[in-house]
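Here the structure comes first, spelled out in structure tokens, and everything after it is commentary.
Owing to the predicted nature of the structure, the values given are computational and were not obtained by experimental measurement. Worth knowing before you read on, the calculation uses all heavy atoms, side chains too, and leaves out hydrogens, waters and symmetry mates. This chain uses plain numbering: 1 for the first residue, then up along the sequence.
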Amino acid sequence: GARPQPAVPVPVPQVGTNLTDLRLPRRGTVRELGGCMGPIWPSYYSECSALLFVVDASNPAQVSSSCIQLLSVLSAAPLASVPVLVLFNKIDLPCYMSLVEMKSLFRMQDMVSCATQPITMLETSARDGTGLAEVLQWLRSALREP
């Protein structure tokens, strides 16, 4: 017989890069680099005008590695004044950690107070669109013409 399908699809880690063009109203390109590509992230920092850092809020096993990657990004000299939006994604899943829990685990208050760049945090669901309007508004503000 047919195998039952899981109620929630198993996510596949991003490998490689994806480019997406947006108009907000100014044209900008979003470059998606998966977490496993962390070692090459610095080669893209000089092109970066704003940074979206996405964390899987449903995966407690990856919190520590995500936190270390975020600290590395925040301490990179080319990103010292680049606005950062930390997205705690997958809040549509029943096992997600709340924004309060994620802020605590990441010690976000300490990160924000020590960082040179502005940091904003949002909860999102890429699947159902929760938080998307706020992300687009943040991008419009962050990429405003100087």
Side-chain angles (χ1 to χ4, degrees), residues 6 8-146:
V8 177
V10 177
V12 177
Q14 172 66 34
V15 177
T17 66
N18 290 323
L19 297 174
T20 304
D21 288 330
L22 298 176
R23 282 201 185 279
L24 300 166
R26 190 175 88 173
R27 184 182 170 273
T29 300
V30 175
R31 178 181 305 271
E32 179 185 3
L33 296 170
C36 66
M37 301 205 42
I40 68 162
W41 289 357
S43 62
Y44 296 99
Y45 290 169
S46 63
E47 303 170 24
C48 188
S49 303
L51 180 86
L52 280 74
F53 189 92
V54 182
V55 178
D56 183 343
S58 71
N59 190 345
Q62 287 194 319
V63 168
S64 60
S65 64
S66 295
C67 186
I68 290 166
Q69 283 181 313
L70 179 57
L71 286 168
S72 175
V73 166
L74 294 176
S75 64
L79 300 176
S81 61
V82 171
V84 176
L85 177 59
V86 179
L87 299 172
F88 296 110
N89 191 36
K90 298 188 182 178
I91 64 166
D92 54 292
L93 298 179
C95 57
Y96 89 97
M97 291 176 281
S98 71
L99 184 59
V100 170
E101 291 170 306
M102 294 301 285
K103 282 181 173 182
S104 175
L105 289 170
F106 271 72
R107 296 188 56 140
M108 288 305 296
Q109 187 173 349
D110 293 337
M111 274 195 210
V112 169
S113 66
C114 294
T116 58
Q117 58 275 84
I119 301 172
T120 304
M121 291 154 276
L122 290 173
E123 289 182 308
T124 60
S125 168
R127 175 178 292 162
D128 68 18
T130 301
L132 179 60
E134 291 83 358
V135 171
L136 291 173
Q137 182 57 44
W138 183 89
L139 280 168
R140 283 185 192 100
S141 176
L143 299 176
R144 205 172 319 170
E145 297 283 351

Reported CG-to-CG distance for the pair Leu122 and Leu99, which is rounded to 0.5 angstrom
8.0 Å
Run the side chain to side chain contact (heavy atoms under 4.5 Å, CB included) test on Leu52 and Trp138 for me, step by step, so that the C-alpha distance in whole Å, both residues' side-chain angles and the decisive distance to 0.1 Å come before the verdict.
CA-CA 10 Å; Leu52 280 74; Trp138 183 89; 3.8 Å; yes
Step-by-step side chain to side chain contact (heavy atoms under 4.5 Å, CB included) determination, Val86 to Met102:
CA-CA 11 Å; Val86 179; Met102 294 301 285; over 6 Å; no
To the nearest 0.5 Å, what is the distance between CZ (Phe53) and CG (Leu85)?
11.5 Å
Closest approach of Asp92 and Ser125, non-hydrogen atoms and distance?
OD1-OG, 2.7 Å
Answer with yes or no whether the side chains of Ser98 and Glu101 bring together a donor and an acceptor at under 3.5 Å.
yes
I need the minimum non-hydrogen distance between Leu93 and Ser58, along with the two atoms involved.
CD1-OG, 3.5 Å
Without swapping roles, check the side chain of Thr116 against the backbone of Ala80 for a donor-acceptor pair under 3.5 Å.
yes
Begin with the C-alpha distance, continue with both residues' side-chain angles, and end with the deciding distance and a verdict on side chain to side chain contact (heavy atoms under 4.5 Å, CB included) for Gln69 and Trp41.
CA-CA 10 Å; Gln69 283 181 313; Trp41 289 357; 3.9 Å; yes
Nearest non-hydrogen partners of Ala115 and Ile119, listed with the distance
CB-CD1, 3.6 Å
Test applied, side-chain contact (heavy atoms from CB on, under 4.5 Å); reference residue, Ser66; option that passes from Val54, Val55, Leu71:
Val55
Atom pair OG/CZ of Ser49 and Arg144 - distance to nearest 0.5 Å:
14.0 Å
Counting C-beta onward and ignoring hydrogens, is there a side-chain heavy-atom pair between Met121 and Phe106 closer than 4.5 Å?
no
Can you see which heavy atom on Met97 is nearest to which on Pro60, and at what distance?
CE-CA, 3.6 Å
Taking all heavy atoms of Met111 and all of Leu70, pick out the closest pair and write down the distance.
SD-CD2, 3.6 Å
Taken to the nearest 0.5 Å, the spacing of Asn89 CG from Leu87 CG works out to 7.0 Å
Where is the tightest heavy-atom contact between Ile40 and Tyr44, given as atom of each residue plus distance?
O-CD1, 3.7 Å
Considering the options Leu79, Val73, Val84, which one meets the side-chain contact (heavy atoms from CB on, under 4.5 Å) requirement together with Cys48?
Leu79
Where the side chain of Ser72 meets the backbone of Ile68, is there a donor-acceptor pair that is under 3.5 Å apart?
no
To the nearest 0.5 Å, tell me how far Asp56 CG sits from Gln62 CD.
6.5 Å
